[in-house]
2 protein chains.
Amino acid sequence: MTREKIEHYRKLGLKMTPQRLAILEYLEGNTSHPSAEDIYRHVEGKFPSMSFATVYNTLEALKEKGLIRELSIEPGKKRFDPNPSPHHHFICERCHRVYDIFEDFQITLPGEHQKQFEIKECEIIFRGVCADCKRKEV
Amino acid sequence: MTREKIEHYRKLGLKMTPQRLAILEYLEGNTSHPSAEDIYRHVEGKFPSMSFATVYNTLEALKEKGLIRELSIEPGKKRFDPNPSPHHHFICERCHRVYDIFEDFQITLPGEHQKQFEIKECEIIFRGVCADCKRKEV
DNA sequence: TTTTTTGTTTAGATTGGCTCTAAGATAATA
DNA sequence: TATTATCTTAGAGCCAATCTAAACAAAAAA
């Protein structure tokens with residue numbers, strides 16, 4: 001990670017510890033939507049004394065700064081998306097991989113609902129089978 | 001619950017016990033998207049010996065028959081939707097209530113993605129503030 | 001550079017939602 | 001009514017996530 005980026009995070013009020021650096025490096029450009037455990041497993045190689053609490057603390061801090069998003073797409077497990085810009089997801093029902101979809105679908109609710117709800121964001125979750133799993137079919 | 005409905009469930013292969021009847025009656029027409037705990041709390045009044053396992057067993061059985069849907073909208077907690085027809089949801093970020101939205105948005109993915117994904121369903125989650133919570137603002 | 005302050009990391013305990021188990025109970029059926 | 005296939009139950013167990021308090025380390029101040 002570059003010095004500038006570290007400085008950038010620091011200015012956001014994040015104390016930059018080696019553990020946090022390792023987590024940030026793992027998340028940077030990562031499109032696998034990892035769980036806390038995925039992150040822990042990766043970082044514990046570098047920091048064997050690493051605690052799960054540190055992973056959760058860091059993720060919570062990043063979430064508060066709007067740098068990552070927490071996804072509730074898998075029941076009973078949080079997953080994290082290091083891309084904070086609005087986008088959608090496709091979830092493969094076979095392999096459970098989560099793919100990003102960067103289309104702007106311009107969804108607007110009809111008038112009646114617009115009175116009832118002040119909408120701040122909208123996420124679409126597509127479900128089905130991905131090309132990889134299609135290929136493996138009989 | 002009517003005799004016909006009970007017969008209908010029976011024909012689907014569901015053994016109709018008093019506990020299941022109580023759960024089904026609670027779910028019928030319920031738009032609050034209750035959690036397992038919500039259901040348990042309601043039904044334990046009628047069946048004090050009720051076990052959480054029974055709630056989960058019943059919900060699992062209903063899910064398999066396609067009679068309800070399991071929602072992953074709240075991290076760390078399953079919620080259930082007794083309306084199995086495809087529809088969307090609005091979640092209020094203040095009160096966390098979940099509202100149904102029965103609009104057909106006709107969303108189609110561009111060609112490149114259609115090659116990559118076989119889409120079976122698509123759910124939209126709107127987030128924001130509901131009218132109730134807006135009204136309570138200062 | 002040294003000191004102080006403030007926030008972070010850690011191990012381990014704890015919580016909360018959910019699942020499993022094995023025994024007893026009961027709805028469906030013949 | 002007798003049979004059997006399934007359901008219910010209490011309690012144990014599992015796993016993700018959170019909490020705690022002491023040790024520690026980064027950043028700010030001196």
Side-chain angles (χ1 to χ4, degrees), chain A residues 1 3 5-24 26 33-65 67-68 70-80 96, chain B residues 1 3 5-24 26 33-65 67-68 70-80 96:
Chain A
M1 175 146 342
R3 197 161 290 281
K5 273 189 189 158
I6 295 175
E7 193 53 33
H8 169 72
Y9 288 121
R10 221 194 301 273
K11 279 189 181 137
L12 285 170
L14 296 166
K15 205 177 245 190
M16 292 308 283
T17 66
Q19 292 90 334
R20 289 189 164 183
L21 262 176
I23 292 174
L24 282 165
Y26 176 64
H33 308 79
S35 65
E37 167 138 21
D38 295 332
I39 297 166
Y40 176 79
R41 292 281 166 248
H42 185 266
V43 180
E44 75 173 335
K46 214 167 180 177
F47 296 94
S49 73
M50 186 78 156
S51 157
F52 254 102
T54 299
V55 175
Y56 284 108
N57 284 345
T58 302
L59 290 169
E60 185 59 31
L62 295 175
K63 198 176 77 177
E64 269 171 20
K65 303 293 176 193
L67 298 170
I68 65 172
E70 185 183 303
L71 305 179
S72 297
I73 49 182
E74 189 168 347
K77 201 180 232 170
K78 291 178 180 177
R79 295 181 66 164
F80 298 87
H96 301 104
Chain B
M1 174 147 341
R3 198 162 286 281
K5 272 189 190 158
I6 294 176
E7 194 52 32
H8 169 71
Y9 287 122
R10 222 194 300 274
K11 280 192 181 133
L12 285 170
L14 295 167
K15 199 181 227 180
M16 292 309 283
T17 64
Q19 293 88 336
R20 288 189 165 184
L21 261 176
I23 292 174
L24 281 165
Y26 176 64
H33 307 79
S35 66
E37 167 138 20
D38 294 332
I39 297 166
Y40 177 80
R41 292 282 166 247
H42 184 267
V43 179
E44 75 172 336
K46 213 166 179 176
F47 295 95
S49 74
M50 186 79 156
S51 157
F52 254 101
T54 298
V55 175
Y56 283 108
N57 285 346
T58 301
L59 291 169
E60 185 58 31
L62 295 176
K63 197 176 79 178
E64 269 170 22
K65 303 293 175 192
L67 299 170
I68 63 172
E70 184 183 304
L71 305 180
S72 297
I73 50 182
E74 189 167 347
K77 199 180 232 170
K78 292 179 179 176
R79 294 181 66 165
F80 298 88
H96 302 104

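Within every chain, numbering begins at 1; the chains are lettered A, B, ... in the order of the sequence lines, protein sequences first and strands thereafter.
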Exercise. Got a donor-acceptor contact below 3.5 angstrom from the B/R79 side chain to the B/H33 backbone?
Worked result: yes

Exercise. What is the 5' to 3' range of DNA chain C, first to last nucleotide, that sits under 4.0 Å from any heavy atom of chain A?
Worked result: C/dT6 to C/dA11

Exercise. Of all residues at least two apart in sequence or in a different chain, which pass the side chain to side chain donor-acceptor pair (under 3.5 Å) check with B/R10?
Worked result: B/E7

For this session: Sequence neighbours left out, what passes side chain to side chain donor-acceptor pair (under 3.5 Å) with A/S72? Give chain and number order.
Result: none

Problem set entry | Residue list, side chain to side chain donor-acceptor pair (under 3.5 Å) with A/K46, at least two apart or on another chain | none

Seminar exercise, completed: When every non-hydrogen atom of A/I23 is compared with those of A/V55, the smallest separation belongs to CD1-CA, 4.1 Å

Problem set entry | Spacing between A/R79 atom CZ and D/dA17 atom C1', to the nearest angstrom | 17 Å

For this session: Would you please name every residue forming a side chain to side chain donor-acceptor pair (under 3.5 Å) with A/H42, sequence neighbours left out?
Result: none

Exercise. With sequence neighbours left out, what residues match A/Y56 under side-chain contact (heavy atoms from CB on, under 4.5 Å)?
Worked result: A/A36, A/F52

Exercise. What string of B, S and - do you get for nucleotides 18-28 of chain D, 5' to 3', if B is base contact, S is sugar-phosphate-only contact and - is no contact with any protein heavy atom under 4.0 Å?
Worked result: BB-----BBS-

For this session: Please report the shortest heavy-atom distance between B/F47 and B/A22, naming the atom on each side.
Result: CE1-CB, 3.8 Å

For this session: Grab the CD-P distance between B/E74 and D/dA16 for me, whole Å please.
Result: 19 Å

Seminar exercise, completed: In this structure, CG of A/L24 is separated from CD1 of A/I6 (nearest 0.5 Å) by 9.0 Å

Exercise. Starting at the 5' end of DNA chain C and moving along, which residue's nearest nucleotide shows up first, B/S35 or A/T58?
Worked result: A/T58

For this session: For B/E64, check side-chain contact (heavy atoms from CB on, under 4.5 Å) against everything at least two apart and list the hits.
Result: B/E60

Exercise. For the helix from C/dT1-D/dA30 to C/dA30-D/dT1, what angle lies between the axis at the first five pairs and the axis at the last five pairs, to 10 degrees?
Worked result: 30°

Exercise. Quick check: does any side chain N or O of A/K65 sit under 3.5 Å from a backbone N or O of A/L12, one acting as donor and the other as acceptor?
Worked result: yes

Problem set entry | salt bridge (charged side-chain N to carboxylate O under 4.0 Å, His left out) contacts in which one or both residues fall within residues 50-59 of chain A, not counting sequence neighbours | none

Exercise. Rounded to the Å, how far apart are B/L62 CG and D/dC7 P?
Worked result: 11 Å

Exercise. Which ones in residues 39-50 of chain B lie close to DNA chain C, meaning a heavy atom under 4.0 Å from one of its atoms?
Worked result: none

Exercise. Once you round it to whole Å, what is the distance between P of D/dC7 and CD of B/E64?
Worked result: 10 Å

Seminar exercise, completed: Sequence neighbours excluded, the answer for side-chain contact (heavy atoms from CB on, under 4.5 Å) partners of A/T17 is A/Q19, A/R20

